[in-house]
Q: 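This is the structure I want to talk about, given as structure tokens.
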Amino acid sequence: MRGTESVVAERAVPAEGVALLRLESPQGTPLPEWRPGAHLDLVLPSGLIRQYSLCGDPADRATYTVATRLIEDGRGGSREVHEQLREGAELVVRGPRNRFPLTEAPSYAFVVGGIGITPVLPMLRAVEAAGAEWRLLYGGRSRATMPFLDEIEKLGARGSRVTAVPEDEAGLPDVAAFLAGTDEGAAVYCCGPEPLMDAVAAALPEGRTLHLERFTPGASTAQLGTFEVELRRTGRTLTVPAGRSVLATVREELPNLSYSCEQGFCGTCQQQVLEGAVDHQDELLTDAERQDSMLICVSRCLGRKLVLDL
């Protein structure tokens, strides 16, 4: 996917350490439609590709809105957004894509940690506009670091449906108690740090459906043995050594191959598998997709050889 040109039309700071960007087409043309839960791939000036959830209004076809927290010890993407993407900056975006869609349900429960509010915010607006029953548990380090908190508390004023838990005031959120109060048949949406999602999965009552949006991968159990990868269209067979990814090996032959997170949760490096058994280690693909494709950044081979449509 090559992407389209965009320009930063507005930059704001909705919370401490958070940068919000409103992007528009340089030509002012309408942007592709999206639904709550969708994200964009931003191709940053350095060439890094990062995924950011859309947190604006799907009815607004003139702008896309994304927000990101500065990660001091991260791999550079958030710092580049915070330090280089000022108003007027140009960049390429890909998408939108949606692997975290809002489904129809009798009621909804949302559990969010920090910047994990970004994909959930449009969901809250949508379920409130539809008159659906919903509740939100929103945790963060402090109120000052929790973006969109004022809007969300106003949105959930009916029935006091928003439980905000700033850690400096109230400690960690009681996930189990919150989930125990959900209705049977409720759709539970969670986005945030890995420990939060693990806690939600562990405390999920029977009869509720869990939907997760990960920012980091789960624990990997990938086999580290050596195997071969045949690139069918290229006509080359490569050796993937122990401790090295298929992606890193293939990019020596195909340096322009698209990739992004290198952790198995964005989907940019998904490739079709023509032959061979895959040790799937991603956090993204459905069972159906795993029948004939893999994310080559983390998944490996269960046998001696894979054949990819590359």
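By convention here, the first residue in the shown sequence is residue 1.
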Q: Please say yes or no: joined through hydrophobic side-chain contacts below 4.5 Å, possibly via intermediate residues, are Leu210 and Leu196 part of one cluster?
A: yes

Q: Under 4.5 Å between side-chain heavy atoms, hopping through other hydrophobics if needed: is there a path connecting Val7 to Leu20?
A: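 No, Val7 does not connect to Leu20 through the hydrophobic network.
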
Q: Do the side chains of Lys305 and Val229 get nearer than 4.5 Å, heavy atoms only?
A: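 No; the side chains remain at least 4.5 Å from each other.
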
Q: Test Leu310 against Val250 for side-chain contact (heavy atoms from CB on, under 4.5 Å), laying out the working first.
A: CA-CA 9 Å; Leu310 285 170; Val250 171; 4.0 Å; yes

Q: Could you walk me through whether Ser25 and Gln27 pass the side-chain hydrogen bond (donor to acceptor under 3.5 Å, both in side chains) check?
A: CA-CA 5 Å; Ser25 164; Gln27 294 78 31; 3.2 Å; yes

Q: Is there a chain of hydrophobic side chains (I, L, V, M, F, W, Y, each step under 4.5 Å between heavy atoms) that links Leu302 to Val307?
A: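 Per the 4.5 Å side-chain linkage, Leu302 and Val307 are not co-clustered.
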
Q: Nearest 0.5 Å please: distance from the CD1 atom of Ile296 over to the CD atom of Glu262.
A: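 It is 10.5 Å, given to the nearest 0.5 Å.
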
Q: For residues 126-181, pull every pair meeting ring pair (Phe, Tyr, Trp, His ring centres under 6.0 Å), keeping only residues two or more places apart or in separate chains.
A: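 Passing the test, one end in residues 126-181: no pairs.
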
Q: If only atom types and distance count, is the side chain of His82 paired as donor or acceptor with the main-chain N or O of Ile71 below 3.5 Å?
A: no

Q: Please determine if Glu230 and Arg232 form a salt bridge, counting it only when a charged side-chain N lies under 4.0 Å from a carboxylate O.
A: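 A salt bridge is present here (some side-chain N lies under 4.0 Å from a carboxylate O).
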
Q: Could you check whether any side-chain N or O of Arg208 sits under 3.5 Å from a backbone N or O of Asp183, counting only pairs where one atom can act as donor and the other as acceptor?
A: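 Here the side-chain-to-backbone pair exists.
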
Q: Does the pair Glu253 and Arg236 meet the rule for a salt bridge (Lys or Arg N to Asp or Glu O under 4.0 Å), with working shown?
A: CA-CA 8 Å; Glu253 181 70 22; Arg236 292 289 306 278; 2.7 Å; yes

Q: Got a sec, which residues hit side-chain contact (heavy atoms from CB on, under 4.5 Å) with Thr209, two or more places apart in sequence or on another chain?
A: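 side-chain contact (heavy atoms from CB on, under 4.5 Å) check on Thr209 returns His211.
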
Q: Do Val273 and Asp292 have side chains that approach each other closer than 4.5 Å (heavy atoms only, starting at C-beta)?
A: no

Q: Ignoring hydrogens and angles, tell me if any N or O in the side chain of Arg11 forms a donor-acceptor pair with the backbone of Leu85 under 3.5 Å.
A: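 Yes: the side chain of Arg11 pairs with the backbone of Leu85.
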
Q: Minimum heavy-atom separation for Gly95 and Leu40, please, with both atom names.
A: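 Looking at all heavy atoms of both residues, the shortest contact is C-CD2, 4.0 Å.
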
Q: I need the single residue from Thr68, Thr65, Val81 that forms a side-chain contact (heavy atoms from CB on, under 4.5 Å) with Leu21. Which is it?
A: Val81

Q: Linking I/L/V/M/F/W/Y whenever any side-chain heavy atoms sit under 4.5 Å apart, do Val8 and Tyr52 land together?
A: yes

Q: Checking side-chain contact (heavy atoms from CB on, under 4.5 Å) for the pair Val18/Val13: CA distance, chi angles, key distance, verdict?
A: CA-CA 6 Å; Val18 176; Val13 180; 5.6 Å; no

Q: Kindly say whether Pro101 contributes a backbone atom to a donor-acceptor pair with the side chain of Tyr189 at under 3.5 angstrom?
A: yes

Q: Backbone N or O of Ile115 within a donor-acceptor pair of the Thr118 side chain at under 3.5 Å?
A: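 Yes, Thr118 side chain to Ile115 backbone: donor-acceptor pair under 3.5 Å.
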
Q: Give the C-alpha distance, both sets of side-chain angles, the deciding distance and a yes or no for side-chain contact (heavy atoms from CB on, under 4.5 Å) between Val127 and Leu102.
A: CA-CA 9 Å; Val127 295; Leu102 181 65; 3.9 Å; yes

Q: Can Asp57 and Arg125 be counted as an ion pair, charged N to O under 4.0 angstrom?
A: no

Q: Would Val246 and Leu257 show up in the same hydrophobic cluster when neighbours are defined by side-chain heavy atoms closer than 4.5 Å?
A: yes

Q: To the nearest 0.5 Å, what is the distance between CD on Glu83 and OG on Ser78?
A: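 The CD atom of Glu83 sits 9.0 Å away from the OG atom of Ser78.
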
Q: State the SG-CG distance between Cys301 and Leu306, to the nearest 0.5 angstrom.
A: 3.5 Å

Q: Between Ser258 and Arg94, what is the shortest heavy-atom contact and its length?
A: OG-NH1, 4.0 Å

Q: Do other residues, nucleotides or ligands put more than 12 heavy atoms under 6.0 Å from Arg61 CZ?
A: yes

Q: Look at Arg143 together with Glu169 and state whether they make a salt bridge at an N to O cut-off of under 4.0 Å.
A: yes

Q: Do you know the tightest heavy-atom contact between Ala164 and Glu153?
A: CB-OE2, 3.8 Å

Q: Thr249 versus Pro241: any side-chain heavy-atom pair under 4.5 Å?
A: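 Yes, close enough: below the 4.5 Å cut-off.
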
Q: Decide yes or no on side-chain contact (heavy atoms from CB on, under 4.5 Å) for Gln51 and Thr268, but give the supporting numbers first.
A: CA-CA 10 Å; Gln51 290 73 42; Thr268 305; 3.7 Å; yes

Q: Applying salt bridge (charged side-chain N to carboxylate O under 4.0 Å, His left out), can you list everything that pairs with Glu289, at least two apart in sequence or on another chain?
A: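 Testing Glu289 for salt bridge (charged side-chain N to carboxylate O under 4.0 Å, His left out), a comparison that skips the adjacent residues, returns Arg99.
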
Q: So, Asp282 and Arg290, do they make that salt bridge, N to O below 4.0 Å?
A: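 A salt bridge links Asp282 with Arg290.
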
Q: Kindly compute the distance separating CE (Met197) from SG (Cys191), expressed to the nearest 0.5 Å.
A: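 The SG atom of Cys191 is 6.5 Å from CE of Met197, to the nearest 0.5 Å.
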
Q: Please report the shortest heavy-atom distance between Ala187 and Ala105, naming the atom on each side.
A: CB-CB, 3.7 Å

Q: Please check if the side chain of Arg69 supplies one atom and the backbone of Ala15 the other of a donor-acceptor pair under 3.5 Å.
A: no

Q: What I'd like to find out is whether the side chain of Leu136 reaches to under 4.5 Å of the side chain of Val112, using heavy atoms alone.
A: yes

Q: Could you check if a side-chain atom of Ile117 sits within less than 4.5 angstrom of a side-chain atom of Pro147, using non-hydrogen atoms only?
A: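 Answer yes - side chains close enough.
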
Q: Give, for atom CD of Glu10 and atom OG1 of Thr63, the distance between the pair rounded to the nearest 0.5 Å.
A: 8.5 Å

Q: Taking the side chain as every heavy atom from C-beta outward, state whether Asp41 and Arg50 have any pair of such atoms under 4.5 Å apart.
A: no

Q: Checking Thr239 against Glu228 for the side-chain hydrogen bond (donor to acceptor under 3.5 Å, both in side chains) test, could you report, in this order, the C-alpha distance in whole Å, the side-chain angles of both residues, the deciding distance, and whether it holds?
A: CA-CA 5 Å; Thr239 298; Glu228 292 185 337; 4.5 Å; no

Q: Without swapping roles, check the side chain of Tyr64 against the backbone of His39 for a donor-acceptor pair under 3.5 Å.
A: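 Flag not set: sc Tyr64 to bb His39 has no pair under 3.5 Å.
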
Q: Given 3.5 Å as the limit, does a donor-acceptor pair link the side chain of Asn98 with the main chain of Pro36, or not?
A: yes

Q: Are any of the side-chain heavy atoms of Arg300 and Val240 separated by less than 4.5 Å?
A: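 Result yes, sub-4.5 Å side-chain heavy-atom pair found.
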
Q: Spell out, as yes or no, whether a donor-acceptor pair under 3.5 Å connects the side chain of Thr145 to the backbone of Ser142.
A: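 Judged by distance alone, yes, a pair lies under 3.5 Å.
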
Q: So do Leu91 and Leu23 actually touch side chain to side chain, heavy atoms under 4.5 Å?
A: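 Sidechains of Leu91 and Leu23: in contact.
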
Q: State whether the side chain of Glu80 and the backbone N or O of Ser46 hold a donor-acceptor pair below 3.5 Å, judged by distance alone.
A: yes

Q: Heavy atoms only: give me the nearest Leu179-Val200 pair and the separation to one decimal.
A: CD1-O, 3.7 Å

Q: Locate the shortest heavy-atom distance separating Pro119 from Glu213; write the atom from each residue and the value.
A: CG-CG, 4.5 Å

Q: Could you grab the distance from atom SG of Cys190 to atom CG of Asp198, nearest 0.5 Å is fine?
A: 9.0 Å

Q: Begin with the C-alpha distance, continue with both residues' side-chain angles, and end with the deciding distance and a verdict on salt bridge (Lys or Arg N to Asp or Glu O under 4.0 Å) for Asp309 and Arg233.
A: CA-CA 6 Å; Asp309 186 25; Arg233 284 185 282 139; 3.0 Å; yes

